[in-house]
Amino acid sequence: MQNKVSQAILKALALAKSNGELNCQLPQKLTLDRPKNREHGDYATSIALALAKVANKQARVIAEVIAKTLTDNNLLTPNGISKIEIAGPGFINITLESASQGSVVVEILTLGRKYGTSNSLTGKRINLEFVSANPTGPLHLGHTRWAAVGDSLGRVLTAAGAQVSREFYINDRGNQMDLFGQSLRAAALEIDIPENGYHGEYIVDLANEITKANPTFTTLAETESIAAFRDTGYQLQLAQQQKVLDNFGTHFDTWFSEQTLYEHNFFDHVLDKLKSLGHVYVQDGATWLRTTDFGDDKDRVMIKSDGSFAYFASDSAYYISKRERGFDLCIYMLGADHHGYVGRIKAMAACAGDNSEDNVEILIGQMVKIIEGSQELKLSKRAGIIITLEELVEKVGKDAARYTLIRYPTDTPMVMDVDLLKKNTNENPVYYVQYAHARICAVLRNAKDLGIKFGLDAYSPELLVHERERELIGLIAQYPKIVASAALMRQPHRIARYIEEVAGQFHRFYNDCRVLPLGDEKPSSLNAARSGLSMATAQVINNGLDLLGVSAPEKM
RNA sequence: GCGCCUGUAGCUCAGUCGGAUAGAGCGAAUGCCUUCUAAGCAUUAGGUCGCAGGUUCAAUUCCUGCCAGGCGCGCCA
């Protein structure tokens, strides 16, 4: 619909130019906005203001020319436009015919779950890496934000046509793993845990669990004992993370083990590749990647002078693995404490011969603060984990947890008030949206009981002329654009904010427009049309909630 | 010191590839259920969009400088 309107205006512009009424370069495409103020029509464009300078004419004059051309060439009614007005400094406000505007309901009911999907990213192979927690403990709140947002982004990108693979990178080698093993063994033997080891309470529980199943571990020689605790603890912890994420509705296509980067000479291949491109050198006994060639602050060590691999070696190998597995775009979702990595990862990609703009994207998620009893809970690795994903879900439920975490843009630090989420569930916007959905389902159940036919056949868009109906229709027509922009900008929170608006708009419609017949009234075609609109609204809310991984209950 | 993020209503936050009178929820005040889910709706109150310049028809949005807060700057992972 919107497209038809903008085509009409572009056509008018072209006609005006050929008439000599407009003498300037014409835009390729036109932006139609949905005005905030309803008095400004269904759509508005500021094209006349934009052209004023290049055409060397007053904006209002240009707007007049466009309006006149549209009218004179019979471009209004055939394109579903009922009214065109010029306002303010030269805005063109467009009002649609009810029948034409209401046709979107037919589109929604026809497409169903597919409404909102597009092909704007079709053909793009995207590797989406998120969470990637160390397998040395439970998932905490920071991970939880990404578990929700990353999963939703995956769904949004898929809806835009991209081929997405979600990946969890398991940091299963290096010092941290050894410290993990040492800590577990120390806990089992009830001796002091190393200073920089893991101190959370879960370590003791995990150690006990391991000892119970494997009583001999504590009797092995120290090195073997540490390795045994490490490897068993790793398996248990990883399984735990997988289970928790699965319950949270976040699923990964690939769990990628860091260790495997060093198998089958893959790392040698990586190093050869980087060498052949001329960015590797040896100094002070260490092997470096010259990332400063591409704007990094300093060069990075890949192989330390003692011959062991630095973490950056894995980073590089992992990136190259992703690219060689055929992904066009690698999206990294990192915590704010890792934002220093942006420069080096992009530079490393450039060292590998890639375009660091097109092939790599790094999204930084700011910290999640958590408040309980009006006091901030400080997260501390040493003291152990304050709140885990599992605990959060136990406290507030999966839907509320996911929704709250996705609702804010990730580059904003967010504050979660546990008390609020715990005791006042109705203060959470997720219920507002879910309630709208459940409410519609209730109405439709009643409609069915009353024998009202409200499918595609019985839908008469021209009957929906009430202000509330027009607003609601106009809003649900925006959904595909919202999904596309959420995908393009990698911002799933836009979906949440949008469906909140839809829910609100539905509640207002429901309040002012009786959907079903009153008392003994016979069902009319208006009842059917309104039921159809309600059904389409439910579909949009359902599709939106689905992109967030939140359920759309039919009863509440 | 350098880099990234943030500063919008009493609180938590949207909006910002420049657009008309800056929004929502919560909190405060007042109305609306004899028929569709009141977990809802309506009205009111509440703002120098951190500060100061600049760019232009138009700046909360873009640029520069400052102020305040968060985070990061290892041959750790």
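Quantities reported herein were computed from a predicted structural model and do not represent experimental measurements. Numbered from 1 within each chain, the chains take letters A, B, ... in sequence-line order.
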Open item on the list: Set out, in order, the CA-CA distance, both residues' side-chain angles and the distance that settles side chain to side chain contact (heavy atoms under 4.5 Å, CB included) for W146(A) and S132(A), then state yes or no.
Closed with: CA-CA 9 Å; W146(A) 279 135; S132(A) 297; over 6 Å; no
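Taking the 5.5 Å centre cut-off and the 30° plane limit, the aromatic side chain of Y510(A) is classed as stacked on C36(B). We find that the ring of H338(A) and the base of G72(B) do not stack by the test of centres under 5.5 angstrom and planes tilted less than 30°.
Distances were taken from every side-chain heavy atom of N175(A) (C-beta onward) to each of A14(B), A39(B), C76(B); the shortest belongs to C76(B).
Using cut-offs of 30° and 60° on the angle between ring planes, the pair Y198(A) and F180(A) is perpendicular. Aromatic ring pairs are classed by plane angle as parallel below 30°, tilted from 30° to 60° and perpendicular above 60°; the pair F309(A) and F267(A) is perpendicular.
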Are there any protein N/O atoms within less than 3.5 Å of an N/O atom in nucleotides 16-18 of chain B, and if so, which ones and at what distance?
| unit_1 | atom_1 | unit_2 | atom_2 | d |
| --- | --- | --- | --- | --- |
| U16(B) | OP2 | R494(A) | NH2 | 3.3 |

Would you list the protein and nucleotides 4-9 of chain B atom pairs, both N or O, that sit under 3.5 Å from each other?
| unit_1 | atom_1 | unit_2 | atom_2 | d |
| --- | --- | --- | --- | --- |
| C5(B) | O2' | D411(A) | O | 2.6 |

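Residue N93(A) places a side-chain atom within donor-acceptor reach of the base of A20(B), judged by atom type and a 3.5 Å distance cut-off alone.
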Open item on the list: What does the 5'-to-3' dot-bracket notation of RNA chain B look like when only Watson-Crick and G-U wobble pairs under 3.5 Å count, and pairs to other strands show as |?
Closed with: (((((((..((((.....[...)))).(((((.......))))).....(((((..]....))))))))))))....
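At least one cation-pi condition fails for K481(A) and Y498(A): the charged atom is not both under 6.0 angstrom from the six-membered ring centre and inside a 45 degree cone around its axis.
Proximity of N527(A) to the phosphate of C36(B): no side-chain N or O atom is located under 4.0 Å from OP1 or OP2.
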